[in-house]
Amino acid sequence: MQAIRETLNARRLLCPLPVIRTQDKVKQLNPGDQLEIICTDPGVMHDIPAWCRINGHQVLDTSSGNHEYIIIIEVGAK
Amino acid sequence: MSKQRKAVALISGGLDSMLAAKIVMEQGVHVEGINFFTGFCVEGHTHAIREKDNAKPNRNNALWVAEQLGIKLHIVDVIEEYKKVLINPKHGYGTHMNPCLDCKIFMVNKAKQWIEENDFDFIITGEVIGQRPMSQTKSKMPIVAKQSGADDLLLRPMCAKNLPATKPELEGWVDREKLHDITGRSRKPQIEMAKQFGIDDYSQPAGGCCFLTDKYYSAKLVDLWKAQGDKDYELDDIMLLKVGRHIRPKPNFKLIVAREEGEGRFLQGYKKDFISMHCSSHPGPLSLIDGELSAEDLFFAARVVARYAQGRDEDQVDITITQKDGSERTIQVKPFSKAEVLNEWHV
Ligand code: SF4
């Protein structure tokens, strides 16, 4: 199966909602798929990587600018 | 070999639930954490909004606890369902607007549903008898177990020895002898236990796990309900109660005045939902105006907004009023003096 890349718009949501939305989205994806999460709450730079570490997913990249925070993750084995 | 049992632990981010999970993990049980997001949780939010709080580590304590314990954490959005708990709590409110007993029953009930769906065996909470006046007295413990439907599948490892044995104990999934008998408000036993487990960093929220135990937050919630004539709310309403100064000079409207840049930026996101005002002749904060206002009220509100701008001591300043559709007009007003902004207007 071809890995896919999806985007999740979590702008204006405050933590932990971006984490919850990420969690719900990841449930629909398969191992190896990538998810780009776009947020405005800086707390995600802390919370999403923490969530990934405890649930076995990988953070591929984080970036920020213009009051937006973008995290790209790869879904791990479930 | 006997089957490995699985438990879900309610993780609030505080020390007690962390210890409760740890005690059961030490007995070889597979533990995962669950955390319910009601919209009122202390986690997140304010530090995301307020610049000044950004200096503090803005970690989510529930996630952090799970990571320290090395367990998975499931965060569940219960914002909608929680409304019926808060709006009409069967067992009433605590000191402020905290419906702790109903809240506990609700959360344990959700955890019960979760263990059924995920094939787990029992539920763990960090409750300690006598710790909280409303929800954690010895007489309330059976109420939570019974009304949540969890019954004897609810294990409180911190005080289990003072309570009747539960199924995990009776079936030998956990050894009752290795559970505890903590009571009362002293934190010493927990701190000692944390030391024994090598846990030296933990959060100890003073009031409780949510904003509803906060006097000022509760007053704003009551004010909101009174002004709208019913107890309903949306997530945006309860978020906005955490931000800015809330000033209600008249029953039909209130102002939400940003206290600093981070709040101003957050309030910007609501300009399509509210009339907003800012001082355009001098630096000053953005304010949202909530309610139905006459032309006279708008003028009055503008004088309040002017009070919080740098031109507060001028005879006249410009206040720009932005409608929800983005159209703007500017009026000239005399800022209210300090004495004219009455204390009782502050919600
Ligand atoms: S403090 Fe808040 S979250 Fe905690 S039990 Fe009470 S109402 Fe529920």
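Protein chains get the first letters and strands the later ones, always in sequence-line order, with residue 1 at the start of each. Since we're looking at a predicted model, the values are computed, not measured.
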Inset, instruction - Report yes if the side chains of A:His46 and B:Asn60 come closer than 4.5 Å at any heavy-atom pair, otherwise no. - result: no
Inset, instruction - Answer yes or no: is there a side-chain heavy-atom contact under 4.5 Å between B:Asp77 and A:Leu17? - result: yes
Legend entry - Per-residue contact mode, A:Arg11 against chain B (heavy atom under 4.5 angstrom): neither
Inset, instruction - For A:Gln23 and B:His74, indicate whether the former's side chain and the latter's backbone hold a donor-acceptor pair under 3.5 Å. - result: no
Legend entry - B:Phe266 six-ring face occupied by A:Arg12 cation (under 6.0 Å, within 45°): no
Inset, instruction - Look up atom CG in A:Leu13 and atom CG in B:Leu235, then write down how far apart they are to the nearest 0.5 Å. - result: 8.5 Å
Inset, instruction - Might you work through the side-chain contact (heavy atoms from CB on, under 4.5 Å) test for A:Ile54 and B:Ile71, ending with a clear yes or no? - result: CA-CA 6 Å; A:Ile54 59 179; B:Ile71 62 173; over 6 Å; no
Inset, instruction - Taking the side chain as every heavy atom from C-beta outward, state whether B:Leu73 and A:Trp51 have any pair of such atoms under 4.5 Å apart. - result: no
Legend entry - Donor-acceptor pair, side chain of A:Asn55 and main chain of B:Lys72, under 3.5 angstrom: no
Inset, instruction - Give, for atom CG of B:Leu63 and atom CD1 of A:Ile48, the distance between the pair rounded to the nearest 0.5 Å. - result: 10.0 Å
Legend entry - With B:Ile75, the side-chain contact (heavy atoms from CB on, under 4.5 Å) member among A:Asp24, A:Ile20, A:Thr22: A:Ile20
